[in-house]
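Numbering starts at 1 and runs along the sequence shown. Computed from heavy atoms alone, side chains included, the values below leave out hydrogens, waters and symmetry copies. Whatever order the structure lists them in is the order used to number ligands and atoms, beginning at 1.
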Amino acid sequence: MAGRDTHDAVPSSVLALLAESNRPLAICGRDERGHGAEVATWCAKAGIPMIADPLAQSNRGTTTTTVAAWDALVRDEAWRVGQAPDLVLRTGDLPTSKPLRAWLAQLAAAGVPVVQFDPERSLRDPISATSTRVPAPVTDINPLQLVTCEASWLESWLESGSRATRAIDTLLGTVSSSTLSEPGVIRASCQTLQADTTLMIAASMPVRDLETFHLGKTGPVCVANRGANGIDGTIATAAGYAAATHAPTVLICGDVTFAHDVAGLAAARESASPLLIMVLDNGGGAIFDYLPISQQESVYERFVFTPPQLDFSAAAQTWGIPFIEITSTEALTDELTSVENLQGPRLALIRVGRYDAQELRTAIWAAVAASIAE
Ligand SMILES: Cc1ncc(C[n+]2csc(CCOP(=O)(O)OP(=O)(O)O)c2C)c(N)n1
């Protein structure tokens, strides 16, 4: 099996597709080998707009063609129709974003070539949208040679991303400072944490909010555990990042995820590096409120939403970890700006209303749609 340094050449048929394309779009997903930054730099040189999962860590490369707020953009059907690419280049895993996945499936069904660069031969194509798999990195192609985008193509993506970003920030800015929201906490973390800080983000809504509220071009290094058992071991993983990087680490997780790995606080208390664990307590697994099962009153709360009803302060005390409850945006900003001064672990509880984030997200999608319809 070929390793990362011994891959095949990019076939001439793929080079021909690129040469013919006027509207190519790159989708850059999570990549454990850390190729996201190289892909971003390649796209910047080629002039190709790039949609990047924050977990691709492409914000460490050149980001001049990185599209901001893409998850919010692709939710808007009217906008999507006008922005259909004629070629999709994929690297790494597929982002979690449901609207992006649905759009990609539609494009593939309509015959748009989807070329997946997969030097690891990892196959990651959960929606079966790939038309050509190339066992080589996209960076093997000379970015300056063959791409001839329509002049307005890149510009339209970047302009829409800027408008969406302004709409998101304006709407989040209207929320009172005493009302902390899940989208607001993610946005503030991406805006405030330094580039050398690791932001570990848990399932389920935090990792989805990260896709929408990440800044795209700047911000901390984002990591996550993904997969079917994605919420086990989350606190211990964050402690592992802090130990391995010797750099500040911030974990954002929900209350159910915290409850699943509360014993991970034993690893967290060993941390010599700054380790801030922020729990967004919305009373249970709020992702499930989006599912039809939430209408089944007799079973939903107890068996699906599963409110942990933990005393977070007592949990912190049990493992001898300093505890704080954050109740305003000012206190949140103070906590995030001073994370590098922590001497070890700290647990911060942020209580949020169960349905507040749902309402806020809906309002944000509407504001973004209005901003790009103008
Ligand atoms: C070990 C394990 N059990 C169950 C699941 C399914 N699961 C995914 S998200 C989730 C709830 C997460 O709730 P919470 O941490 O409060 O975050 P929220 O949904 O409120 O954002 C569960 C139970 C999982 N991923 N891993």
Side-chain angles (χ1 to χ4, degrees), residues 30 53-55 71 93-98 101 126 172 175 179-190 199-214 222-240 249-265 267-268 276-296 299-313 315-316 325-326 332 347-362 364-365:
R30 182 167 78 128
D53 185 331
L55 302 177
D71 175 68
D93 205 351
L94 198 58
T96 311
S97 167
K98 244 189 188 170
R101 287 183 173 209
L172 287 176
V175 178
T179 313
L180 286 160
S181 70
E182 288 148 280
V185 170
I186 303 280
R187 188 69 161 185
S189 302
C190 291
L199 175 60
M200 172 148 180
I201 207 90
S204 260
M205 291 318 294
V207 79
R208 288 173 171 76
D209 278 337
L210 181 73
E211 275 184 334
T212 314
F213 299 108
H214 184 256
C222 296
V223 298
N225 282 340
R226 301 294 292 132
N229 296 329
I231 67 172
D232 271 351
T234 301
I235 297 174
T237 307
T249 300
V250 175
L251 166 65
I252 301 180
C253 69
D255 48 309
V256 175
T257 299
F258 182 87
H260 266 249
D261 194 33
V262 67
L265 291 177
L276 177 64
I277 299 166
M278 295 205 290
V279 186
L280 291 166
D281 180 13
N282 54 22
I287 183 156
F288 303 121
D289 284 342
Y290 281 101
L291 301 183
I293 187 79
S294 62
Q295 306 308 313
Q296 304 296 319
V299 292
Y300 180 63
E301 288 290 317
R302 183 161 174 220
F303 297 110
V304 183
F305 190 66
T306 59
Q309 295 176 319
L310 284 189
D311 182 337
F312 296 93
S313 158
E325 180 167 352
I326 298 176
L332 174 66
L347 177 59
L349 172 64
I350 302 175
R351 290 182 211 270
V352 289
R354 174 165 170 183
Y355 299 109
D356 293 355
Q358 268 197 27
E359 282 171 21
L360 186 55
R361 289 183 197 110
T362 306
I364 287 171
W365 311 148

(Q) Using a 4.0 Å cut-off to any heavy atom of Met205, which atoms of ligand 1 qualify? (A) 21 (O)
Q: Consider every N or O of Ile287 and every N or O of ligand 1, then say whether any pair is closer than 3.5 Å.
A: yes
Q: Considering the heavy atoms of Pro206, write down every atom of ligand 1 situated less than 4.0 Å from one of them.
A: 21 (O)
Q.
Surrounding CZ of Arg351 (heavy atoms of other residues, nucleotides or ligands, distance under 6.0 Å), is the total greater than 12?
A. no
Q | For His260, the ligand 1 atoms whose distance to one of its heavy atoms is below 4.0 Å | A | 3 (N)
Q. Yes or no on side-chain contact (heavy atoms from CB on, under 4.5 Å) for Leu332 and Met278, after CA distance, side-chain angles and deciding distance?
A. CA-CA 10 Å; Leu332 174 66; Met278 295 205 290; 3.9 Å; yes
Q: Return the orientation label for the Phe305 and Tyr300 ring planes: parallel under 30°, perpendicular over 60°, tilted otherwise.
A: tilted
(Q) If only side-chain N and O atoms count, and only distance matters, is there a donor-acceptor pair under 3.5 Å linking Thr96 with Arg226? (A) yes
Q: Would you check whether Ala259 reaches within less than 4.0 Å of ligand 1, judged by its heavy atoms?
A: no
Q. Is Asp71 salt-bridged to Arg208, going by a charged N under 4.0 Å from an acidic O?
A. no
Q) Any N or O of Asp232 that comes nearer than 3.5 Å to an N or O of ligand 1? A) no
Q) Do Asp261 and Thr237 have side chains that get closer than 4.5 Å, going by heavy atoms? A) no
Q | Proximity winner for atom 10 (C) of ligand 1, if only heavy atoms of Phe288, Phe305, Tyr290 are counted | A | Phe288
Q. Short list, please: which atoms of ligand 1 are under 4.0 Å from a heavy atom of Asn282?
A. 20 (O)
